[in-house]
J.: 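Handing you this structure, nothing more for now.
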Amino acid sequence: MAMFGIVLLLFSRCTQVFQMCIQFCISLAVGSLTGDALLHLLPSVLGLHAHKDGHSHEEENLDYIYKLLVVIGGIYVFYLMESIFSLITRHGHNHDGKSDPHPCDHGKVLQMFQNRRRNNNSTSQDELVDEQNMEKSFQELFSSTREKRLLPYMITIGDGIHNFTDGLAMGAAFSVSWRSGLATSLAVLCHELPHELGDFAILLHCGLSVKRALLLNVGSALTSFIGLYIALSISTQTVAEEWISAVAAGLFLYIALVDMLPSMLHVESKRPWLIFLLQNLGLMTGWGILLLLSLYEENIGI
């Protein structure tokens, strides 16, 4: 996903379409991460959904799935309330792009990078003024020269730890069954695209060349294989498998609700209701896929 994200970033030209795709990917990641954590990982940790030979869902009580769906419904209801309230209160206001972006705000980081690329091939004075305003807000984030030099390595180390834990989660899931591994891998896949895109854009903004940013991004992604092999080697014991799954569930919930959901709620666009529709579509798609996997994974055959 690190490689695919870079290709998509370098060759995308339409900023608005690109932003819509990113918002759909982010919302899909939130749905898949929370769905995997609540509908799959936590039930396995608590022994509510055991993967045994000859075991089927007809033999187990599915009340826990309905209760966990209520938890997801609570997340969705409060997301709707905050999103609709934000859309109504912002209606009629002009978004001049002067709000300060945060490095974890994938949408604004990518929008900045796209505007810079577009302005390199444009002589429009208005676009140049907008770009200068956005650049000033970013310079406040990286005002210290030393901090700007250290930031790429800080991002790489943090991303490496993040990918290591993703590998642990996938290894623990595949040690249970390939169906369980499929669900967790899907959740990891969905959130890695916007995550890697955001990291790569920040690395370029810090002054790194495309080649060096590519090496750092891919190098941090390779740590997931270390986590994968460690999890596969120690997950032969049920206790270790359950503890790794518990850590993965906490990680997925944190990434979805702390890192990605705020960027959905505070996105700025000329078509806010279309973005809102795409976000809802992504959330429902992620939750729907993980719900189907949770209910019918035992019936899936190769």
Side-chain angles (χ1 to χ4, degrees), residues 15-42 65-112 114 134 137-138 140-141 162 186-188 190-195 197-199 201-202 249-291:
T15 304
Q16 293 184 1
V17 175
F18 187 75
Q19 184 188 32
M20 292 178 186
C21 294
I22 289 299
Q23 285 301 312
F24 176 78
C25 291
I26 292 175
S27 58
L28 179 63
V30 172
S32 59
L33 287 171
T34 54
D36 189 42
L38 294 175
L39 298 177
H40 197 271
L41 292 176
L42 286 181
I65 290 185
Y66 306 136
K67 293 175 182 177
L68 291 173
L69 283 175
V70 173
V71 175
I72 292 177
I75 296 174
Y76 182 62
V77 167
F78 283 103
Y79 157 75
L80 286 179
M81 291 174 58
E82 187 169 357
S83 295
I84 294 176
F85 179 77
S86 178
L87 288 172
I88 293 176
T89 54
R90 288 188 302 172
H91 182 69
H93 291 77
N94 293 324
H95 304 293
D96 55 5
K98 295 183 180 180
S99 58
D100 292 343
H102 188 274
C104 292
D105 191 338
H106 307 289
K108 288 186 179 180
V109 170
L110 294 170
Q111 185 179 7
M112 176 276 300
Q114 290 297 324
M134 185 168 287
S137 64
F138 263 88
E140 294 179 1
L141 290 174
H162 173 98
L186 177 65
V188 172
C190 291
H191 86 266
E192 276 304 309
L193 175 59
H195 180 83
L197 280 171
D199 286 346
I202 295 175
L251 172 69
F252 284 5
L253 289 175
Y254 179 85
I255 294 173
L257 301 179
V258 178
D259 185 15
M260 293 190 161
L261 188 59
S263 66
M264 292 172 54
L265 294 171
H266 301 111
V267 63
E268 294 182 358
S269 174
K270 296 181 181 179
R271 299 179 178 179
W273 288 101
L274 178 58
I275 294 293
F276 177 69
L277 177 62
L278 290 173
Q279 290 176 348
N280 279 268
L281 180 61
L283 287 172
M284 292 301 176
T285 301
W287 286 331
I289 293 175
L290 269 299
L291 177 61

J.: Is L290 close to L186 at the side-chain level, that is, under 4.5 Å between some pair of heavy atoms?
T.: yes
J.: Would you mind reporting whether K67 and V71 have side-chain heavy atoms less than 4.5 Å apart?
T.: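 No. Closest side-chain heavy atoms not under 4.5 Å.
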J.: Under a 4.5 Å cut-off applied to non-hydrogen side-chain atoms, are I72 and L39 in contact?
T.: yes
J.: Return the set of residues passing side chain to side chain contact (heavy atoms under 4.5 Å, CB included) with C25 (not counting sequence neighbours), or none when no residue passes.
T.: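 C25 satisfies side chain to side chain contact (heavy atoms under 4.5 Å, CB included) with L193, P194 only.
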J.: For the residue pair F252 and L38, establish whether any side-chain heavy-atom pair is separated by less than 4.5 Å.
T.: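 In short, these two side chains do not touch, never coming nearer than 4.5 Å.
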J.: Could you check whether any side-chain heavy atom of L80 comes within less than 4.5 Å of a side-chain heavy atom of N280, counting everything from C-beta outward?
T.: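 L80 vs N280: side chains touch.
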J.: Just wondering, do L253 and T34 contact through their side chains at under 4.5 Å, heavy atoms?
T.: yes
J.: So how far is it from L261 CG to I255 CD1, rounded to the nearest 0.5 Å?
T.: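 Reported value, rounded in 0.5 Å steps: 13.5 Å.
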J.: Taking E82's backbone N and O only, do any of them form a donor-acceptor pair with S86's side chain (distance below 3.5 Å, no angle check)?
T.: no
J.: Find the distance between CG (L33) and CD1 (I26) and round it off to the nearest 0.5 Å.
T.: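 With rounding to 0.5 Å, CG (L33) is 11.5 Å from CD1 (I26).
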J.: Once you round to the nearest 0.5 Å, how far does CG of L277 lie from OG of S27?
T.: 10.0 Å
J.: Taking side chain as C-beta onward, heavy atoms only, is V30 less than 4.5 Å from I75?
T.: no
J.: Sequence neighbours left out, what passes side chain to side chain contact (heavy atoms under 4.5 Å, CB included) with A29? Give chain and number order.
T.: C190, H191, M260
J.: CZ of F24 to CG of L281: how many Å apart, nearest 0.5 Å?
T.: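 That separation rounds to 5.0 Å.
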J.: Give the minimum heavy-atom separation between L28 and G286, together with the two atoms involved.
T.: CD1-N, 3.5 Å
J.: Could you list the residues that satisfy ring-ring contact (aromatic ring centres under 6.0 Å, His included) with Y76, not counting sequence neighbours?
T.: W287
J.: To the nearest 0.5 Å, tell me how far L283 CG sits from L278 CG.
T.: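 That separation rounds to 11.0 Å.
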J.: In Å, rounded to the nearest 0.5 Å, how long is the span from CD of Q23 to CZ of F276?
T.: 12.5 Å
